[in-house]
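Reviewing the structure listed below.
For ligands, and for the atoms within them, numbers begin at 1 and follow the listed sequence.
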Amino acid sequence: MNDATENRLRVLLIEDNPVHVRLIEGLLHSSKKPTFELAIAGRLSEGLARLAQGGIDIILLDLTLPDSEDLETFIRVRSQATNIPIVVVTGLDDIKLAAKAVEAGAQDYLMKTHLSGGSLLRSLRYAIERTRVRDAEWDSPMFRLAQRQFLKAAQLLSLDDNIRQRLLFPQRTLIVSFPFRRDDYTEVENVFGYRVQHVLTMGPTKGGIRYHQDVSLGETSALAMWMTWKCALMQLPFGGAKGGVRIDPTVLTSRELQRLTRRYASEIINMIGPDKDIPAPDMGTNERVMAWIMDTYSQQVGYTVPAVVTGKPVVLGGALGRKEATSRGLVYLIQEAVQHLRVNLSQSTAVVQGFGNVGSNTALFLEEMGLKVIGVSDVTTGIYNPKGLSIPSLLKYVTQHRFLKGCPDGEAISNEQLLELPCDILVPAALQNQITAENAERIHCKILAEGANGPTTLEADEILNQKGIFVLPDILANAGGVTVSYFEWVQDTQNYMWTLDEVNQRLHKILVDAYTRTLTRSRRDGLDLRTSAMIEGIERVAQAKLARGLFP
Ligand code: NAD
């Protein structure tokens, strides 16, 4: 925004219906603070000409104009005004189109029939605020993906507008910048750390901690939002959270990792606790990191608090089966999908991207089930063998060499090639944003089981659906981890430990129940599985928010 001075905003209204122009003009002019300077264009060409002169803070856009229609109108305005927030004003019959415009980058939409001074001012104010935050730390493709997925589901659910606005951003965020010493004791590294709590309504918040060089507030917020839907879909008494440190952990020694972890834990210590927010492992962290966080927290409060983290070593109160829980859950759901699609397991092939906790255990379980795992990869390389790889042999190699690079068990291929290998089951279990509009057409599998969070973009989703690929979406497919984390927390708070059989049986029951609800809704309402799973989760959170009311 320019001189504006938040008290005076320059609005460009592109709308051809004089009745609606007068209505919006009247509403804006009745506002005392902020006040509005209104430019009006009745045709798209006039609107674009006015934009070219500059000095507009926000655009109110009708998508049906005499010289342009539908999404085309939005796209042409957006391409000329990349940094100006756009709010679409729409009629009841165009609501789906308006939601599409939001998915394509509009900040909000408003129904002409429901227009009031309050709703219009609020939407304009939020749109401007969101554009500002989008341009700052929040800006990340992942957060945009999470918000767009949420908006799509919210629109199909006809979610109450007040609730929609409250769920679009996390409730609490913390950014810290802190130092830790390298081993030579002369160099001090300064890094950024994050902890984000998306929804505080459901109980304590829950979510992993990621160490990766791409971690940002936007990425952490996207992951926290997905945790909210995931916990709600599994009907666990948690809201979503996530944390992380922007660092490449593979370049650190174990001692450096410990110093970094202890300092990060003490920086976020006021935000976490067994009744507040309970971290767990995510990419780049593991049970050893969880043990250090638990120890740091316990040292600070003066007594041992196992329930402050989950995914810790069993000897410290970790749940049996937690380490493999995400993969075990993934495989339970693959079994359900295989049955549903009547795929012959013994003749099936699988490809797994990522060979860390989730990827390697999933590959192992799939091999144990009798599938031929023909390709796996990590950050350094992919390995392909059409005759089938031996996963224990690959694990042995990685234990010795840390990465797959140089492994003689198959042909080396790139991660891009790996994803495009024809197979029955494809498991992305590394990073987000792997299956996009660019490569979705070349994905050839029957079942896509998302071990990673956010591996598929919205555009890719549409292509996969058209191709008839059965997508087990992340918030369902990889929920085994948080479910057994919940079991671990329950055991720690009750000081009563379960057997591995108990853990796995309960995990199976919860996952299959969530899968069945998701599949039933998707068939009933003609939705893809991701949207159906999201709606299951969002509906529960919305109900809880409404039941609790608003403070004060
Ligand atoms: P991890 O750190 O144990 O393993 C990550 C793997 O991905 C490693 O093999 C790494 O080499 C590989 N990798 C990193 N960058 C890559 C790239 N650019 N291309 C290909 N491979 C790459 O992490 P993890 O715990 O197995 O998590 C993997 C994914 O699963 C993440 O998206 C995470 O959010 C998700 N997830 C994990 C859990 C859990 O319990 N650990 C639970 C739910 C979801």
Quiz item: Based purely on interatomic distance, does T326 place a nitrogen or oxygen under 3.5 Å from a nitrogen or oxygen of ligand 1?
Solution: yes
Self-check item: Which residue and heavy atom of the protein sit nearest atom 35 (C) of ligand 1, plus the separation
Solution: G451 O, 3.5 Å
Quiz item: For K276, does the NZ atom sit with more than 12 other heavy atoms under 6.0 Å from it, leaving out its own atoms?
Solution: yes
Quiz item: Can you check whether G356 has an N/O within less than 3.5 Å of an N/O in ligand 1?
Solution: yes
Quiz prompt | Over 12 foreign heavy atoms within 6.0 Å of NZ, K152 | solution = yes
Quiz prompt | Taking atom 32 (O) of ligand 1 as the reference point, the nearest protein heavy atom with its distance | solution = A430 O, 2.9 Å
Quiz prompt | Side-chain touch P281/R322, heavy atoms, less than 4.5 angstrom | solution = yes
Practice problem: Would you indicate whether R255, at its atom CZ, is surrounded by more than 12 heavy atoms from other residues, nucleotides or ligands within a distance under 6.0 Å? | Solution: no
Quiz item: Does E450 reach the main-chain N or O of D474 with its side chain, forming a donor-acceptor pair under 3.5 Å?
Solution: yes
Quiz item: Taking distance alone, with no angle check, do G284 and ligand 1 share an N/O pair under 3.5 Å?
Solution: yes
Practice problem: List the steps, then state whether ring pair (Phe, Tyr, Trp, His ring centres under 6.0 Å) holds for H340 with F470. | Solution: CA-CA 10 Å; H340 174 70; F470 193 82; 5.4 Å; yes
Self-check item: Per-atom contacts of ligand 1 with N453, taking only distances under 4.0 Å to non-hydrogen atoms
Solution: 32 (O), 33 (C), 34 (O), 35 (C), 36 (N), 44 (C)
Exercise. Considering only non-hydrogen protein atoms, determine which one is nearest to atom 24 (P) of ligand 1 and report residue, atom name and distance to 0.1 Å.
Key: V358 CG2, 3.9 Å
Practice problem: Kindly indicate whether the side chain of L426, heavy atoms from C-beta on, has any atom under 4.5 Å from the side chain of I443. | Solution: yes
Quiz item: Which heavy atom of the protein is the closest neighbour of atom 3 (O) of ligand 1, given with residue, atom name and distance?
Solution: N357 N, 2.9 Å
Quiz prompt | Numbered atoms and elements of ligand 1 in range of D378, under 4.0 angstrom, heavy atoms | solution = 9 (O), 11 (O), 20 (C), 21 (N), 22 (C)
Quiz item: Does T285, backbone or side chain, put an N or O under 3.5 Å from an N or O of ligand 1?
Solution: no
Practice problem: State the atoms of ligand 1, each with its element, that fall below the 4.0 Å cut-off from a heavy-atom position in N415. | Solution: 19 (N), 20 (C)
Exercise. Please identify which atoms of ligand 1 are closer than 4.0 Å to at least one heavy atom of M283.
Key: 2 (O), 5 (C), 23 (O), 31 (C)
Quiz item: Sub-3.5 Å donor-acceptor pair from the side chain of T518 to the main-chain atoms of A533, do we have one?
Solution: no
Self-check item: side chain to side chain contact (heavy atoms under 4.5 Å, CB included) partner of D424, chosen from T349, L371, I334
Solution: T349
Self-check item: Nearest non-hydrogen protein atom, atom 33 (C) of ligand 1
Solution: D282 OD1, 3.2 Å
Quiz item: With backbone taken as N, CA, C and O and side chain as the heavy atoms from C-beta onward, which portion of A429 lies under 4.0 Å from ligand 1: side chain, backbone, both, or neither?
Solution: backbone
Exercise. Give the residue, atom name and distance (to 0.1 Å) of the protein heavy atom nearest atom 14 (C) of ligand 1.
Key: V379 CB, 3.8 Å
Quiz item: Between the side chain of K312 and the main-chain N/O of M290, is any donor-acceptor distance below 3.5 Å?
Solution: no
Exercise. Look at the side chain of E256 and the backbone N and O of T253, then say whether any donor-acceptor pair between them is shorter than 3.5 Å.
Key: yes
Quiz item: Which residue owns the protein heavy atom closest to atom 18 (N) of ligand 1, what's the atom, and how far is it?
Solution: L431 CD1, 3.3 Å
Quiz item: Based purely on interatomic distance, does F355 place a nitrogen or oxygen under 3.5 Å from a nitrogen or oxygen of ligand 1?
Solution: yes
Quiz item: So, is G354 polar-close to ligand 1, with some N/O to N/O distance under 3.5 Å?
Solution: no
Exercise. Could you list the atoms of ligand 1 found under 4.0 angstrom from a heavy atom of R322?
Key: 40 (O)
Practice problem: For ligand 1, note which part of R210 has a heavy atom under 4.0 Å away: side chain, backbone, both or neither. | Solution: side chain
Self-check item: D277 vs K206, salt bridge (Lys or Arg N to Asp or Glu O under 4.0 Å): CA-CA, chis, key distance, verdict
Solution: CA-CA 6 Å; D277 180 13; K206 188 92 193 70; over 6 Å; no
Quiz item: In terms of side-chain heavy atoms, does E219 have a donor or acceptor partner in Q432 at a distance below 3.5 Å?
Solution: yes
Practice problem: Report, in ascending order of atom number, the atoms of ligand 1 lying under 4.0 Å from any heavy atom of A452. | Solution: 29 (C), 30 (O), 32 (O), 35 (C)
